[in-house]
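Index from 1, following the sequence. All figures in this text were calculated on a predicted structure; none of them were measured in a lab. The basis for the numbers below is simple: all heavy atoms, side chains too, and nothing from hydrogens, waters or symmetry mates.
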Amino acid sequence: MNVGIITSYIIAGIILVSMLMMNNRVSNSSAELTLTQITREKVATITQMIYDDIPNMGYDLYNPTSQIIISADSSTIKFYRKIDRHTPGNPELITWQLTDAPVSVTKNPADKILLRKVEKDGVEEVTEIKLGVTRFQIWYFDEHGLSTLPEDGEFLSTPVSAALRDSIKQLYFAIELQSAEPIYTGGNARYIRSAWEKRFSPSNLDK
């Protein structure tokens, strides 16, 4: 067989393999960018709800709430707030809780169902957040500016006892979401992560 033809086949094969590998890398890169954007949008959805709830805890235009925080644990918080400030009536009891229940509709084994409960006058409305939450953690601080990060170790032990709940002045939230679908790199599956952290100083905790 002609050596030139054999060489041509070898070169063509190498080029074809290179093109396939390049297409695979481009496809993975595109999928990663898409999943990253989707995961960030899901984080924004959850944080918008938290930005509305946490700064407004204890707010009741008609009947100021004396006991604001009812329960304070590392992955659960329960507190009073008035959602509709201009309507007379009792404030709502809000609960945020990360459950151990996995999200069955995704391929990610690490994501859990995050609950937001709203209870008023004995009626409870539960929202199951199935957006890929893998971490939902809260730290509590008893003084303004005592610590800037939970790693500094100046936070209250959880669950915060009933005697110390009134001393809570700041809350630090850390949330992580992962993509529902994996990205495969070198045969290994990994999930896209997006994290968010925020420290809150609800004004009503100072009253």
Side-chain angles (χ1 to χ4, degrees), residues 31-59 67-84 90-141 150-151 155-162 165 168 170-184 188-200 202:
E32 182 169 349
L33 288 173
T34 300
L35 288 177
T36 298
Q37 182 62 29
I38 292 173
T39 306
R40 288 177 178 174
E41 290 174 355
K42 290 179 178 179
V43 170
T45 298
I46 296 175
T47 56
Q48 284 175 4
M49 300 169 68
I50 293 176
Y51 269 114
D52 183 60
D53 271 344
I54 302 305
N56 290 308
M57 61 168 55
Y59 193 99
Q67 187 180 23
I68 298 176
I69 299 178
I70 306 303
S71 176
D73 208 341
S74 59
S75 59
T76 303
I77 184 170
K78 184 180 293 186
F79 57 91
Y80 283 106
R81 71 160 290 198
K82 195 72 163 61
I83 294 179
D84 187 352
N90 296 321
E92 286 81 359
L93 181 60
I94 310 295
T95 301
W96 281 89
Q97 178 185 10
L98 181 64
T99 71
D100 292 327
V103 180
S104 59
V105 295
T106 70
K107 293 182 180 180
N108 192 335
D111 55 3
K112 302 291 187 294
I113 297 176
L114 178 65
L115 296 181
R116 180 182 182 266
K117 302 178 184 178
V118 180
E119 182 180 351
K120 182 174 183 178
D121 299 329
V123 178
E124 186 178 78
E125 179 183 336
V126 180
T127 301
E128 292 188 348
I129 301 173
K130 303 177 181 180
L131 297 179
V133 179
T134 56
R135 183 190 185 196
F136 179 84
Q137 193 167 358
I138 314 169
W139 293 266
Y140 306 89
F141 300 86
E151 288 80 359
F155 51 87
L156 298 170
S157 298
T158 53
V160 180
S161 65
R165 283 176 207 149
I168 296 174
Q170 293 187 332
L171 306 91
Y172 193 103
F173 282 76
I175 300 174
E176 181 186 272
L177 270 68
Q178 293 184 11
S179 60
E181 303 293 330
I183 290 291
Y184 292 93
N188 297 319
R190 64 183 179 89
Y191 294 88
I192 302 300
R193 300 169 182 262
S194 184
W196 174 87
E197 296 186 10
K198 175 67 178 178
R199 189 181 181 112
F200 291 94

Here the gap from Leu98 atom CG to Ile77 atom CD1, rounded to the nearest 0.5 Å, amounts to 14.0 Å

Please answer whether the main-chain N or O of Lys107 pairs with a side-chain N or O of Tyr191 as donor and acceptor at a distance below 3.5 Å.
yes

Interatomic distance, CZ@Arg165 vs CZ@Phe79, rounded to 0.5 Å, equals 14.0 Å

Flag if over 12 foreign heavy atoms under 6.0 Å of NZ, Lys120:
yes

Ala72 and Ile168 have their tightest heavy-atom pair at CB-CD1, 4.0 Å

Find out whether Ile183 and Ile192 are in side-chain contact, i.e. whether some heavy atom of one side chain is under 4.5 Å from a heavy atom of the other.
yes

Phe136 and Ile50: side-chain contact (heavy atoms from CB on, under 4.5 Å), yes or no, with the steps?
CA-CA 12 Å; Phe136 179 84; Ile50 293 176; 4.0 Å; yes

Could you please spell out the steps behind the side-chain contact (heavy atoms from CB on, under 4.5 Å) verdict for Leu114 and Ile175?
CA-CA 11 Å; Leu114 178 65; Ile175 300 174; 5.8 Å; no

Under 3.5 Å, side chain of Asn108 to main-chain N/O of Ser179, donor-acceptor pair present?
yes

The criterion is ring-ring contact (aromatic ring centres under 6.0 Å, His included); which residues satisfy it with Tyr59, sequence neighbours excluded?
none

If I take atom OG from residue Ser75 and atom CD from residue Gln97, how far apart are they, to the nearest 0.5 angstrom?
7.0 Å

Mind checking whether Phe141 and Phe155 have parallel, tilted or perpendicular rings, split at 30° and 60°?
perpendicular

Would you call Leu177 and Ile46 a side-chain contact if the rule is heavy atoms closer than 4.5 Å?
yes

Return yes if some donor-acceptor pair links the side-chain N/O of Thr99 with the main-chain N/O of Ile113 below 3.5 Å, else return no.
yes

Go through the steps to decide whether Thr39 and Gln178 satisfy the test side-chain contact (heavy atoms from CB on, under 4.5 Å), and finish with yes or no.
CA-CA 7 Å; Thr39 306; Gln178 293 184 11; over 6 Å; no

Can you see which heavy atom on Lys82 is nearest to which on Pro91, and at what distance?
CD-CA, 3.7 Å

Nearest-0.5 Å distance that lies between atom CG in Asp52 and atom CD1 in Ile83
8.0 Å

Closest approach of Ala189 and Pro182, non-hydrogen atoms and distance?
CB-CB, 3.9 Å

One should read off an interatomic distance between Leu131 CG and Thr106 OG1, to the nearest 0.5 angstrom, of 10.5 Å

Within the side chain of Tyr140, is there an N or O that forms a donor-acceptor pair under 3.5 Å with the backbone of Asp73?
yes

Arg81 side chain vs Ile54 backbone, donor-acceptor pair below 3.5 Å:
no

Which one of Asn90, Leu93, Val126 satisfies the side chain to side chain contact (heavy atoms under 4.5 Å, CB included) criterion with Glu119?
Leu93

Going by distance alone, is a donor N or O of one side chain under 3.5 Å from an acceptor N or O of the other, for Tyr80 and Gln67?
no

State which residue, out of Arg193, Lys112, Arg135, Lys42, fulfils the salt bridge (charged side-chain N to carboxylate O under 4.0 Å, His left out) condition with Glu176.
Arg193

Test log, rule side-chain contact (heavy atoms from CB on, under 4.5 Å), inputs Ile129 and Thr45
CA-CA 10 Å; Ile129 301 173; Thr45 298; over 6 Å; no

Can you tell me how far OG1 of Thr95 sits from CZ of Arg116, rounded to the nearest 0.5 angstrom?
10.0 Å

Is atom CZ of Phe173 surrounded by more than 12 heavy atoms (other residues, nucleotides or ligands) closer than 6.0 Å?
yes

Neighbour count >12 (heavy atoms, 6.0 Å) for atom CD, Glu124
yes

Any Phe200 side-chain heavy atom under 4.5 Å of Asp53 side chain:
no

